[in-house]
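Taking it in order: structure first as structure tokens, then the write-up.
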Protein chains: 2
Amino acid sequence: MVTKVEGLFGEGRDGRGIGDPYDPECPTRLILDRIGDRWTVLLVGALGGGKARFSELKRRVGGISQKMLTQTLRQMERDGLVTRTVYPEVPVRVEYELTGAGLSLRGPLKALEEWSIEHLSGVLADQKVYDGREAATR
Amino acid sequence: MVTKVEGLFGEGRDGRGIGDPYDPECPTRLILDRIGDRWTVLLVGALGGGKARFSELKRRVGGISQKMLTQTLRQMERDGLVTRTVYPEVPVRVEYELTGAGLSLRGPLKALEEWSIEHLSGVLADQKVYDGREAATR
DNA sequence: CTGTATCCTGAAGGATACTG
DNA sequence: CAGTATCCTTCAGGATACAG
């Protein structure tokens, strides 16, 4: 039995232990499992505009393999982030669309993206400094 | 040469391609690289309360190995998210502390955590439904 | 106490070929 | 078109032993 995580990022930290990331009931793990891989994040972005079909998503998300596209979409469907609609035409047409939950994820992800844009140059600069010091030490 | 990503999660999606996640200059990749692994996220949480030393972090973050703790902290230091201070006592004491950039990451992460807490039960329920349908199909 | 250095394994994920 | 099935490689990351 593991202690539940109520707020890793609340203000009042009191040094209490942090929830086990391997506990399936841990919300932190929940996000990490969905957001952890780049593909889910990119797909939420790619689906932000509305429905899209398989091939279109493949085109939109650069570098994704067919395997990962299918796999990630299935996962998102399972999690209730996306709906999958099959139109039995010839050839088959399949459309994906964000659910309410999927759409609601865009806000937090956007916040993260904004942080990223804001700190991109800073982080890159810090890396250079750090790497420089390391090289000098060696 | 790949198109830069300005806003994967902005409102007006126009179906334009999405930035290559392998481009080091892509902000989306920046977040994903830091946030992608559970440890960085958990450490930002663990360090939210202020300075903490190595062994304390190890205790706080359940399940992290010594190797990953060191490795993740080094990465965070390199990215300018954390400072590392060595006190040459016997035995050595090392304290880690979030920088401004590190602290500023807590907001977005908190938003994500809130999403997670809010949607935990829903996602879990959807998974059950999905798995049930799959089992029936098979 | 705070690491570094190796070894080793599982799992992620790309490439490719085939199907309804 | 939208997948599924396989093979194969890479590599993250745990376990362990040793060091300043």
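Each chain gets a letter, A, B and so on, in the order its sequence line appears, and its residues count up from 1. Only a predicted model underlies this, so the values are computations on that prediction, with no experimental measurement involved.
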Can you see if the side chain of [X] gets near the phosphate of [N] - specifically, an N or O under 4.0 Å from OP1 or OP2?
X     : N      : value
B:S65 : D:dA15 : no
A:Y96 : D:dG3  : yes
B:R53 : C:dC1  : no

Interatomic distance where [atom1] belongs to [X] and [atom2] belongs to [N] [whole Å]:
X     : N      : atom1 : atom2 : answer
A:R38 : D:dA12 : CZ    : P     : 12 Å
B:R84 : C:dG3  : CZ    : C1'   : 8 Å
A:W39 : C:dG14 : CH2   : C1'   : 11 Å
B:M68 : C:dT4  : CE    : P     : 14 Å
A:K58 : D:dA2  : NZ    : C1'   : 12 Å
B:F54 : D:dG20 : CZ    : C1'   : 15 Å

Would you give me the side-chain donor-acceptor pairs under 3.5 Å for residues 65-72 of chain B, sequence neighbours excluded?
residue : atom : partner : partner atom : Å
B:S65   : OG   : B:M68   : N            : 3.2
B:T70   : OG1  : B:Q66   : O            : 3.0
B:T72   : OG1  : B:M68   : O            : 2.6

Query - Minimum heavy-atom distance B:S116-A:P27, with the two atoms named - result: OG-O, 2.6 Å
Query raised in the report: Heavy atom of residues 70-79 of chain A under 4.0 Å from DNA chain D: which residues?
Result: A:T70, A:R74
Query raised in the report: Under 4.0 angstrom, heavy atoms only, what part of the nucleic acid is A:Q66 near: base, sugar-phosphate, or nothing?
Result: base
